*Asks:* 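I'd like to ask some things about the structure below.
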Amino acid sequence: MGASRNFGAWRHLCVGVFAFGSRTWRRRLSVCPGLRRLTRWPVSMSDSVPDISHDQHAVRRQKLAELRAAGFDPFRANVATTHFSQDAKALHVDGQDYATPVTVAGRLVTFRVQGGSSFVKIQDQQGQIQLYFRKDVLGEERYTVFKKQLDLGDIIGVTGPLFKTKTGEITVRVDAFTLVSKALRPLPEKWHGLSDAEQVYRQRYLDLIVNQESRHRLMTRARIVSAVRRFLEDRQFLEVETPVLQSVAGGAAARPFQTHHNALNTDFVLRISLELYLKRMLVAGYDRVFEIGRNFRNEGISRRHNPEFTMLEVYQAYSDYRGMMTLVQDLLRHLVRDVVKPTETEGEGESAITRPSMRIKHAASGEWIDFGAEWREVKYKDLIIEKTGDPQWFSRSKEEKIAGVQKLGLFADAKWEDFELTNEIFGKLIEPNLIQPTFVTHLPKELCPLAKITADDSSTIDVFELIIGGMEIAPAYSEQNDPDVQRAMFEAQAGEEQQKVDHDFLLALEHGMPPAGGMGIGIDRLAILLTGAESIRDVILFPQLRNTAG
RNA sequence: GGUUUCCUAGCUCAAUGGUAGAGCAGUUGACUCUUAAUCAAUUGGUUCAGGGUUCGAGUCCCUGGGGAACCA
């Protein structure tokens with residue numbers, strides 16, 4: 001890597017730690033003057049130089065220019081770290097100060113100079129670690145470079161032994177340091193962080209540097225995805241990748257994004273669901289498959305909706321929707337126990353006991369969601385009858401249903417189908433109030449054309465919707481594998497929804513798909529739930545925003 | 001798409017229609033175990049853009065841009 005070539009310019013400052021470069025060019029570079037020359041460049045400004053002290057960008061650029069003039073370019077330097085911050089701290093043995101040398105690197109986030117000794121903190125992927133710079137350790141010249149050329153936001157590498165300060169913080173006593181990236185722009189304010197929502201999303205990297213909560217939340221999301229993969233792989237599920245560019249947007253009812261392939265001169269849509277290709281894999285004989293992938297829906301943006309979002313879909317041959325119940329319950333409990341790891345504290349003060357818990361606070365309602373308790377299972381129809389107080393609801397005429405919906409204070413459009421009127425009650429009045437994990441089963445068959453019809457009730461399908469925190473977290477079905485019934489369901493829906501039928505998928509079904517259970521989980525919503533976030537934007541690194549003009 | 005609301009220093013926020021301020025950060029100085037370090041001094045503004053009302057607009061009105069909440 002050519003980029004490390006100038007690294008050796010600092011090698012003599014960090015003996016034995018930085019292992020870059022061959023011996024030959026170590027020798028060559030050892031004659032580089034490095035920063036030793038720096039202090040001979042007094043930072044004096046003649047009267048003709050304009051005052052830039054208020055312009056932090058200009059001040060930092062000037063510091064960079066001074067470093068380069070002295071023969072050192074931070075953008076051509078690097079550091080061979082030995083540990084991340086928290087791993088380094090864990091090495092320290094009580095009572096054995098200055099015994100364990102480490103090399104750590106990160107962004108300068110705290111700068112406290114007090115005369116001849118200074119405490120600073122750097123931040124890396126694992127968190128922060130304190131560094132102690134002393135003039136009598138580093139020497140006058142290097143200490144001056146540290147004080148005058150470094151700024152908050154710079155990225156540095158340091159080498160030195162661990163010790164514990166008198167206040168008990170494990171700290172690196174810096175024997176040598178090197179600047180490996182100069183921040184030309186200042187960080188947001190240290191105490192209040194960055195709170196302007198727009199900047200948080202447009203410049204997420206700043207949010208992640210200064211807001212620990214965001215840092216932790218988005219790290220948890222990454223761990224959730226990782227744990228989901230391991231959980232499924234442990235159960236012999238295979239991860240596969242299916243097309244994003246599709247000619248028919250199937251598997252859900254949503255408006256797709258349109259695009260065009262030039263060489264083929266063909267229009268494509270971006271997928272709105274993973275379902276139909278994963279089922280082709282069941283036909284192929286991959287009996288347990290899953291995909292974690294991006295879906296795109298050309299619809300509104302809200303606290304719960306981003307135009308691109310991440311779905312997990314799982315298909316298991318020879319299972320059914322009840323098998324999916326067990327799977328999702330095991331999965332979510334695993335995520336709570338091993339990723340989120342909530343704790344509960346009992347008692348006060350000295351006698352307080354903290355123990356692992358299975359409860360997570362629901363941000364919107366303030367209620368505690370208990371993943372450890374038994375999960376409620378209830379039929380869709382029973383919930384509707386309970387809410388309307390009408391045991392005969394499902395045999396009422398459309399006019400009676402419209403009146404019933406309006407009586408509950410909801411808007412009812414005369415153009416809606418019966419099941420849409422009923423589902424309005426479910427969506428507006430029932431779902432938002434299901435805070436504890438609830439399996440809602442036996443939905444009306446019009447709501448999904450891809451599931452098997454219930455054996456003893458031809459108006460419902462063998463499905464569940466797992467609702468937690470008032471949000472639909474995971475729909476699951478006993479997958480429809482009768483090609484003729486599937487075609488009829490598609491055609492009935494195509495009439496209403498103006499959707500295209502995926503004939504290629506139907507052809508695959510005619511070759512025979514094993515009976516299977518399938519399930520989808522919205523990863524973003526799952527992350528909202530498990531991290532206690534309030535908006536989908538809080539769990540997506542770069543949520544969709546309008547382009548700024550100009 | 002509709003309603004409401006917000007946009008002021010690098011960041012977080014002030015400012016009855018009447019001279020645009022503070023904290024942090026920056027700059028200069030003091031300080032060799034600090035924890036939002038401290039102390040002293042000091043710089044920094046096209047108040048999102050463009051119009052209008054007014055003797056006078058950050059503030060009121062209109063248009064546009066962007067954000068947020070609620071609704072669809």
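From a predicted model like this one, the values you see are computed outputs, not experimental measurements. By convention in this document, chain letters (A, B, ...) are assigned in the order of the sequence lines, proteins followed by strands, and residues within each chain are numbered from 1.
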*Asks:* Which is true for A:L545 with a 4.0 Å heavy-atom rule: it touches a base, it touches only sugar-phosphate, or it touches nothing?
*Replies:*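 Touches sugar-phosphate only.
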
*Asks:* Base, sugar-phosphate, or nothing for A:E169, non-hydrogen atoms under 4.0 angstrom?
*Replies:*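 The residue A:E169 makes base contact.
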
*Asks:* Report all interatomic pairs (protein N or O, nucleotide N or O of nucleotides 37-47 of chain B) with separations under 3.5 Å.
*Replies:*
from  : atom 1 : to     : atom 2 : distance (Å)
B:A37 : OP1    : A:K190 : NZ     : 2.5
B:A37 : OP2    : A:R112 : NH1    : 2.1
B:A37 : O5'    : A:R112 : NH1    : 3.2
B:A37 : N6     : A:V113 : O      : 3.0

*Asks:* For B:G67 and A:R537 - does any side-chain N or O of the residue sit under 4.0 Å from the phosphate oxygens OP1/OP2?
*Replies:*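 Answer is no, no contact under 4.0 Å.
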
*Asks:* Check whether any side-chain nitrogen or oxygen of A:S195 sits under 4.0 Å from OP1 or OP2 of B:C13, and answer yes or no.
*Replies:*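 Result: yes.
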
*Asks:* Across all strands shown, which nucleotide pairs with B:C60 by Watson-Crick or G-U wobble geometry, both distances under 3.5 Å?
*Replies:*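 Checking every strand shown, B:C60 finds its partner in B:G52, with both distances under 3.5 Å.
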
*Asks:* Can you check the distance between B:A20 and B:C71, where both ends of the measurement are the C1' atom (answer in whole Å)?
*Replies:*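 About 38 Å, rounded to a whole number of Å.
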
*Asks:* Quantified in whole Å, what is the P atom distance between nucleotide B:C48 and nucleotide B:U59?
*Replies:*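 Each nucleotide's P atom is 8 Å from the other's.
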
*Asks:* Counting any heavy atom closer than 4.0 Å, what does A:R173 reach on the DNA or RNA strands: base, sugar-phosphate only, or nothing?
*Replies:*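 Answer is nothing: A:R173 stays at 4.0 Å or more from every strand.
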
*Asks:* State plainly whether the residues A:D97 and A:K164 are in salt-bridge range, i.e. N to O under 4.0 Å.
*Replies:*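 So A:D97 does not pair with A:K164 through a salt bridge.
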
*Asks:* For B:U27 and A:K63 - does any side-chain N or O of the residue sit under 4.0 Å from the phosphate oxygens OP1/OP2?
*Replies:*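 It does, given that an N or O in the side chain of A:K63 lies less than 4.0 Å from OP1 or OP2 of B:U27.
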
*Asks:* Classify the side chain of A:E189 versus the base of B:A25 as yes if they form a donor-acceptor pair under 3.5 Å and no if they do not.
*Replies:*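 Looking at the base of B:A25, it does not pair with any donor or acceptor on the side chain of A:E189 (distance under 3.5 Å).
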
*Asks:* Pairing check on B:U32: which nucleotide meets the Watson-Crick or G-U wobble criteria with it, both distances under 3.5 Å?
*Replies:*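 Check on B:U32: unpaired, no WC or wobble geometry under 3.5 Å.
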
*Asks:* Is there a side-chain contact between A:P188 and A:V210, using heavy atoms and a 4.5 Å cut-off?
*Replies:*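 SC-SC contact between A:P188 and A:V210 confirmed.
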
*Asks:* Should the pair A:K381 and A:F394 be classed as cation-pi, given the thresholds of under 6.0 Å to the six-membered ring centre and 45° from the axis?
*Replies:*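 Relative to the ring axis of A:F394, which defines the angle, A:K381 lies inside both limits.
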
*Asks:* If you check the A:K148 side chain, which of B:A68, B:U32, B:G29 turns out closest?
*Replies:*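 The listed nucleotide nearest to A:K148's side chain is B:G29.
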
*Asks:* Could you check which nucleotide pairs with B:C13 in any of the strands shown, counting Watson-Crick or G-U wobble with both distances under 3.5 Å?
*Replies:*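 Across all strands, the one nucleotide that pairs with B:C13 is B:G21.
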
